Amino acid sequence: MNTEDPSQQLDIPLHVKYIKSLGESKDDLMYHLTAHLRMNAIYWGLTALCIMKHKEALAREEMVEFVMSCWDDEAGAFGAHPDHDAHLLSTLSAIQILTTQDALDRIDIPRVVKFILSLQQPSGVFAGDSFGEIDTRFSYCAVNALSLLGHLHELDVEKTVDYIRRCKNFDGGFGACVGAESHAAQAALAILDKLDEIDHETLAWWLAERQLPNGGLNGRPEKLEDVCYSFWVLSSLSILKKVSWIDPEKLTAFILSAQDPDNGGIADRPGDQPDVFHTHFGVAGK
Amino acid sequence: MERVDERANGGCTRRGRVDARFTRRTAFSQHCHHTISVDNSPKSCVKRVRYTQEALEAKKQREQAKLKEYLILADSVLARRKRKDWSKDALELTTRVLQINPELYTVWNYRRDIFLNGIFPTSEPSQVNDILSNDLSFTMTHLKQHPKVYWIWNHRRWCLEAVPDGPTQDDADGWRISNWNKELFVVEKMLDVDARNFLAWNYRRYVLSSMPVKRPEQTELAYTTRKIEANFSNFSAWHQRSKVLTSLWDQGKLSPEICREKEFDLVKNAMYTDPGDQSVWIYHRWLVGQGKDYAILSREIASVQELLDEQPDSKWCMESLVFYKQLTLQNHTSRLNDAQRQQIIQSCLVLLAVLQDIDPMRKQRYKDLTEGINRFQTNA
């Protein structure tokens, strides 16, 4: 890798500036059209900053207050934005932010635990909210959130794992629900200490074949690369201790080439519009 | 991508074995999606544009009016929701706000609460059925614009599941049958537009397993054949096929032995058309399975070897050969004499050395596999 070429280095000051600017675009239509993702976006931004060692770039108090303003007292969990319904996705992000900011004492932990556990279905999978959309992504959210709250022991682990086990496919990967195609963004077994459920060799093979000639990773066979899979695929390979099965230098070069050299931020692939989701997974993947 | 063009230019003729029905259309343009699917933003697959300061100002000005209207609308919907307003006016407002932003899951929830608490209790079953049918049509326009927004698919599920008994007591499933049949048609349209949309495939499986009058699974098998023939690069269709076949075998409706032979034929056709396509090789690996059947395993090794002889630089031929030969060493060692075992081991080592060379990104994996093969040597 040519370290002289500026496009081949992670431009930390520019990305920090980009993330800071996101909260200041309140006269922007897109800012408001994405209110349903606000909580997740703050988590992505904060974590990206932490990885770049600039956690202080966003004000702690203001952030914690925002998270608390998204509390849905009827459900006993967090929505994505004030006055939005509680959902498992935003609840996990809220817990992650509060953990990072060392502010978990602000919440009624037993109530949140109760909310999360109430979403487990008889089959073992979790729903995202009371309306019942099911997906192993939500199993992951539940497991991760309960683990951060220190209440994993209240979970019926066997039932949870049993459902995930039924989502396993012959290619070694896991789908979103029973019968679904393997997708790179599904993983929860590590936190539950159940990695023995995985066919390591087959899954690592499938994951390693996600790398394309330009160095980027895709999420399913014969699809385009995307920076966010750098995180999903790489973290799974890392859990399986098989990162060496792909070429990290080519991946790094690919992620760096997706940076926006003018305004900061990282896009899904070179030349595209950057956003906080891909900036997070880009710096995390790197 | 270059590889694809090469094949399309005639790299794929072979003793008339290649079936003309196979084409390989890359569905790469259809990629946009995330774990949390977001069509409004983060805008995936949107080209970065450099605006001048003036252009940026002008854009902002144009947006301001739209923004103001949207904020008033969204705020008033959320305020009504807070005071549990279940009126038709409120329903109308949710329609308007969702047309602008279908990602507002809270408003979809509110819409359903209005139906359940405000509208259905005072409606006849036939009216409820009409309302739900209308909502299915209403969300169809959303779906076409935002095929990867989870909340829209979820709302359709809810509508279908809420269809009441009717039109008559004797025909209690009538409305349901009609709505669910339409739904299968809708999901087929969506898969015509993007054959890899995993939300649509998941939804398809849901519809097939929930519709009041189930279709025979053979029909679904035929559907995957059509999808694969249209584009054999479509791994989603191969995946579905593996699920349908397993189910038909488990129920004893098809014979695994006879089926498997037909499947080997199908996959071989695709393999010869483009030996570089992953989908096909992954499916082939499923067909071979654990490799317990020595005759099939040997035959497939020979067949892949034949293809490799014609395409000497095919990574997938080599990778698969190593995998299948390894299965032979694992499962059928008692059938082999020392010379045969040595021959297999040596050929694997040669293939793995070539693979390290032609596929350097995964070099370490091939090194690890080499170590594994060497262990057979010491064990023997």
Side-chain angles (χ1 to χ4, degrees), chain A residues 27-30 32-37 40 79-80 83-85 87 89 129 131 133 137 169-171 175-177 179-183 185 204-206 208-209 211 213 215 219-224 226 228 232 242 244-247 250 260 262 267-269 271-278, chain B residues 26-28 31 33-36 38 40-50 60 63-64 66-67 70-71 74 78 81-82 100-101 103-106 109 112 150 154 157-158 196 198 201-202 205 233-236 239-240 242-243 277-279 282 285-286 289 360-365 368:
Chain A
D27 56 346
D28 192 51
L29 180 61
M30 201 47 81
H32 293 282
L33 285 179
T34 54
H36 63 281
L37 283 173
N40 306 61
D83 289 335
H84 286 211
D85 285 341
H87 196 282
L89 290 171
D129 63 13
F131 275 103
E133 179 200 357
R137 285 181 304 136
N169 290 315
F170 69 84
D171 49 29
C177 49
E181 182 184 348
S182 299
H183 194 291
W205 160 68
W206 188 83
E209 291 297 342
Q211 190 166 37
R220 290 181 289 156
E222 302 294 327
K223 297 278 288 181
L224 266 190
D226 183 321
C228 70
W232 301 117
K242 291 279 194 289
S244 60
W245 281 20
I246 61 166
D247 185 336
K250 282 192 86 166
D260 180 342
D262 301 328
D268 55 349
R269 63 185 69 94
D272 285 1
Q273 186 69 35
D275 59 63
V276 67
F277 175 82
H278 290 96
Chain B
T26 41
F28 278 180
H31 173 75
H33 74 274
H34 298 121
T35 327
I36 300 147
V38 267
N40 283 318
S41 179
K43 270 277 189 197
S44 203
C45 304
V46 174
K47 286 288 155 211
R48 190 160 67 222
V49 191
R50 268 177 224 199
K60 211 164 233 177
E63 273 186 13
Q64 283 312 304
K66 226 173 140 185
L67 171 61
Y70 172 73
L71 284 180
L78 291 174
R81 171 182 157 275
K82 235 180 179 168
I100 304 173
N101 188 5
E103 289 274 16
L104 279 176
Y105 66 93
T106 305
N109 292 349
R112 291 187 284 266
Y150 285 88
N154 292 343
R157 286 183 193 226
W158 179 85
R196 292 301 304 274
F198 69 95
W201 278 104
N202 288 350
R205 282 182 279 271
S233 202
N234 183 350
F235 185 72
S236 306
H239 166 85
Q240 176 79 336
S242 76
K243 296 286 173 193
D277 192 288
Q278 291 197 7
S279 319
I282 298 174
R285 195 162 291 195
W286 173 69
M361 288 195 298
R362 282 163 278 264
K363 197 171 192 164
Q364 189 55 47
R365 173 161 183 259
D368 292 354

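Quantities reported herein were computed from a predicted structural model and do not represent experimental measurements. Chain identifiers are assigned alphabetically (A, B, ...) following the order of the sequence lines, protein sequences preceding nucleic acid strands; residue numbering begins at 1 within each chain.
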Chain A heavy atoms under 4.5 Å from [X]: which part of the residue, side chain, backbone, both or neither?
X      : result
B:R157 : neither
B:I282 : both
B:D368 : side chain

**Prompt:** What is the ring orientation for B:W286 with A:F170, classed by angle as parallel under 30°, tilted 30 to 60°, or perpendicular over 60°?
**Reply:** tilted

**Item:** Cation-pi geometry met for B:R112 and A:F131 (6.0 Å, 45°)
**Value:** yes

**Request:** Could you tell me whether the side chain of A:R220 reaches within less than 4.5 Å of the side chain of B:F235, counting heavy atoms only?
**Result:** no

**Item:** Heavy-atom side-chain contact between B:R362 and A:E209 under 4.5 Å
**Value:** yes

**Prompt:** How far apart are the closest heavy atoms of A:H36 and B:N101, and which atoms are they?
**Reply:** ND1-ND2, 4.4 Å

**Request:** Please report the closest heavy-atom contact between B:N109 and A:D129, naming both atoms and the distance.
**Result:** ND2-OD2, 3.7 Å

**Fill in**
Ranking A:G215, A:A204, A:A80 by heavy-atom pairs under 4.5 Å to chain B gives rank one to A:A80

**Complete:** Ranking A:D83, A:D262, A:D85, A:D247 by heavy-atom pairs under 4.5 Å to chain B gives rank one to A:D85

What distance do [X] atom [atom1] and [Y] atom [atom2] have between them, rounded to the nearest 0.5 Å?
X      : Y      : atom1 : atom2 : value
A:I246 : B:R365 : CD1   : CZ    : 13.0 Å
B:E103 : A:L33  : CD    : CG    : 10.0 Å
B:R285 : A:W205 : CZ    : CH2   : 4.0 Å
B:K243 : A:N169 : NZ    : CG    : 4.0 Å
B:L104 : A:H84  : CG    : NE2   : 5.5 Å
A:H87  : B:Y105 : NE2   : OH    : 7.0 Å

**Message:** Test of understanding: with ring pair (Phe, Tyr, Trp, His ring centres under 6.0 Å), list the residues that count as partners of B:Y70, not counting sequence neighbours.
**Reply:** none

**Request:** Start with the C-alpha gap between A:K223 and B:F198, add the side-chain angles, then the distance that decides, and say whether side-chain contact (heavy atoms from CB on, under 4.5 Å) holds.
**Result:** CA-CA 12 Å; A:K223 297 278 288 181; B:F198 69 95; over 6 Å; no

